[in-house]
Protein chains: 2
Amino acid sequence: MAANSALRRKSPWAGREARTREREVKREAVLRTAVTLFNERGFHATSIDDVATALNITKPTIYHYFANKDEILFECVRRGIDSIQQAGLAAEKKGGSAMERLCAYMREYAIVVTTDFGICVTRTADHELSAAARKRFRASKREIDRAISRVVEEGMIDGSIATGDPRLMTFTLTGSLNWIAQWFDPKGALSPEDVADGCVATLVQGLAPRR
Amino acid sequence: MAANSALRRKSPWAGREARTREREVKREAVLRTAVTLFNERGFHATSIDDVATALNITKPTIYHYFANKDEILFECVRRGIDSIQQAGLAAEKKGGSAMERLCAYMREYAIVVTTDFGICVTRTADHELSAAARKRFRASKREIDRAISRVVEEGMIDGSIATGDPRLMTFTLTGSLNWIAQWFDPKGALSPEDVADGCVATLVQGLAPRR
DNA sequence: TAAGTTGTATACTCATGGGTAACATTGTGG
DNA sequence: CCACAATGTTACCCATGAGTATACAACTTA
């Protein structure tokens with residue numbers, strides 16, 4: 001009895017299935033617009049009305065897709081966090097020495113941080129989120145730091161990374177990478193890949209000239 | 001005709017001179033309390049009432065010392081920026097190779113960024129400031145970046161620093177340093193000096209082990 | 001002691017913006 | 001064809017928080 005979904009897709013009377021798909025598309029559009037405005041003006045300085053007008057709709061329509069403003073912000077950072085975690089998994093999958101995996105991770109991390117959702121992650125302060133969201137946000141960030149720390153420690157053992165305090169080293173690395181979100185200009189001369197490569201190169205080689 | 005100021009200082013009727021001194025002390029107290037709250041909860045989430053209650057006074061009293069909320073924030077970041085610029089001047093004064101001066105600068109920079117006003121500088125987003133303040137804030141930050149970039153370039157010439165894109169390298173460095181404000185815990189195991197030294201070491205030596 | 005200056009509090013005003021109630025419209029399914 | 005669900009709008013409510021008008025107390029100075 002299942003109607004042919006290929007046919008149904010083309011029909012203007014697309015049915016319930018297509019409706020929920022439409023809903024997702026619209027929800028996504030709200031998110032995309034919101035994150036852009038949040039990054040431009042900041043979360044507090046962006047009103048739901050601002051987001052609505054940018055989409056040619058009105059405020060209650062937005063509340064039809066999201067429970068409240070906090071949920072919108074949380075969804076934005078969640079997407080960014082997800083991308084970063086994906087980058088970590090991909091790097092691990094590639095294998096190689098700890099240094100190689102770390103470099104792969106950092107490169108992808110840097111690229112994520114040039115995207116809208118990535119920018120939102122590093123620019124959103126904990127206290128801007130609701131209590132519940134904040135808890136999850138913090139936990140995710142800790143998890144990421146932990147994952148990087150672990151690779152750094154492995155590198156100190158397998159000899160591919162210089163010894164030191166792994167925690168402090170991790171913060172030094174993520175600091176450089178997170179900060180990209182503060183200055184990167186998509187209309188600038190450097191592509192995300194250029195920035196990622198340059199940044200990773202400096203972190204790996206250091207400032208001192210090799211001789 | 002000028003009264004003996006040493007005598008006047010001890011009298012309970014201290015006169016106009018002492019009054020303006022008192023005023024400065026109180027203004028400073030407002031600033032110190034404000035910056036602490038701003039760093040804890042964020043600028044928008046901190047009301048003037050919050051600052052007032054923390055000081056056991058009321059809102060209008062604060063407006064007796066500051067024209068508006070923006071002025072308070074601006075004064076906070078100004079103090080932080082000043083400290084960073086002082087660090088730059090001190091490092092230049094010490095002399096040495098570009099690398100030596102850069103290291104001295106970065107070390108001091110890192111320490112400033114663990115102080116309340118320093119934290120405020122890196123955590124305050126441009127759009128939180130008034131239009132006028134924003135302009136000055138941005139200009140100051142650009143100036144600092146420019147100063148660091150200049151030293152980096154000098155180092156590439158005198159051979160004390162590895163070659164590369166000086167601008168990108170500068171952002172990589174300041175990223176690590178600025179990010180300290182996001183994670184540093186004054187009650188933690190590491191002192192500001194420990195953090196500064198460790199961070200600078202990683203940036204100079206890189207992750208790769210020297211052989 | 002009267003007038004002025006400084007610092008502080010009480011008690012407002014007022015704009016902003018998150019969120020909602022109620023209603024209109026339209027396609028969907030029985 | 002009718003009821004229902006989904007989507008959207010207009011028109012509101014209400015809390016918060018920046019900033020102020022005004023009164024008042026205390027000390028200074030003439």
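Note: hydrogens, waters and symmetry copies are ignored here, and every other heavy atom, side chains too, is used. Residue numbers start from 1 in every chain, and the chains themselves are labelled A, B, ... in the order their sequence lines are given, proteins ahead of strands.
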Quiz item: What nucleotide, of C/dG18, C/dG7, D/dT9, holds the atom closest to the side chain of B/Arg23?
Solution: C/dG7

Self-check item: Electrostatic pair B/Arg123:A/Glu128 at N-O distance under 4.0 angstrom
Solution: no

Practice problem: May I have the distance from A/His44 (atom NE2) to C/dT16 (atom P), rounded to whole angstrom? | Solution: 18 Å

Quiz item: What is the nucleic acid contact for B/Ser47, judged by heavy atoms within less than 4.0 Å: base, sugar-phosphate only, or nothing?
Solution: sugar-phosphate

Quiz item: Under 4.0 angstrom, heavy atoms only, what part of the nucleic acid is A/Lys59 near: base, sugar-phosphate, or nothing?
Solution: base

Quiz item: Separation of A/Leu55 atom CG from D/dT7 atom C1', in whole Å?
Solution: 15 Å

Exercise. Give a yes/no answer on whether the side chain of A/Lys26 brings an N or O atom under 4.0 Å of OP1 or OP2 in D/dA6.
Key: no

Quiz prompt | Nearest-angstrom distance from the residue atom CG of A/Asp49 to C1' of C/dA15 | solution = 14 Å

Quiz item: Heavy-atom distance under 4.5 Å between the side chains of A/Glu143 and A/Ile81, does that happen here?
Solution: no

Practice problem: Measure from the side chain of A/Thr61, starting at C-beta and using heavy atoms only, and say which of D/dT9, C/dT8, D/dT7 lies closest. | Solution: D/dT9

Exercise. Check whether any side-chain N or O of B/Lys69 sits under 3.5 Å from a backbone N or O of B/Phe43 as a donor-acceptor pair, and report yes or no.
Key: yes

Self-check item: Spacing between A/Tyr65 atom OH and C/dG19 atom P, to the nearest angstrom
Solution: 18 Å

Self-check item: Residues within residues 67-79 of chain B bordering DNA chain C, heavy-atom distance below 4.0 Å
Solution: none

Exercise. Quickly work out the B/Arg41 CZ to D/dG17 P distance and round it to whole Å.
Key: 10 Å

Exercise. Ignoring the backbone of A/Tyr63, work out which of C/dG7, C/dT20, D/dT7 is nearest its side chain.
Key: C/dT20

Quiz item: Angle class for the A/Trp183/B/Phe171 ring planes (parallel below 30°, perpendicular above 60°, tilted otherwise)?
Solution: parallel

Quiz item: Crowded around A/Arg167 CZ? As in, over 12 foreign heavy atoms under 6.0 Å?
Solution: no

Quiz item: Less than 4.0 Å between a side-chain N and a carboxylate O, is that true for A/Arg150 and A/Glu154?
Solution: no

Quiz item: Out of C/dT8, D/dG8, C/dT10, which nucleotide sits closest to the side chain of A/His64?
Solution: D/dG8

Quiz item: Between A/Asp145 and A/Lys141, is there a side-chain N and carboxylate O pair less than 4.0 Å apart?
Solution: no

Quiz prompt | Separation of C/dT10 C1' from B/Ile62 CD1 (nearest whole Å) | solution = 16 Å

Quiz item: Please give, in whole Å, the distance from C/dC14 C1' to B/Ile48 CD1?
Solution: 17 Å

Self-check item: Separation of C/dG17 P from A/Phe66 CZ (nearest whole Å)
Solution: 20 Å

Quiz item: Where the side chain of A/Pro60 is defined as all heavy atoms beyond and including C-beta, which of D/dA18, C/dT8, D/dT10 is the nearest nucleotide?
Solution: D/dT10

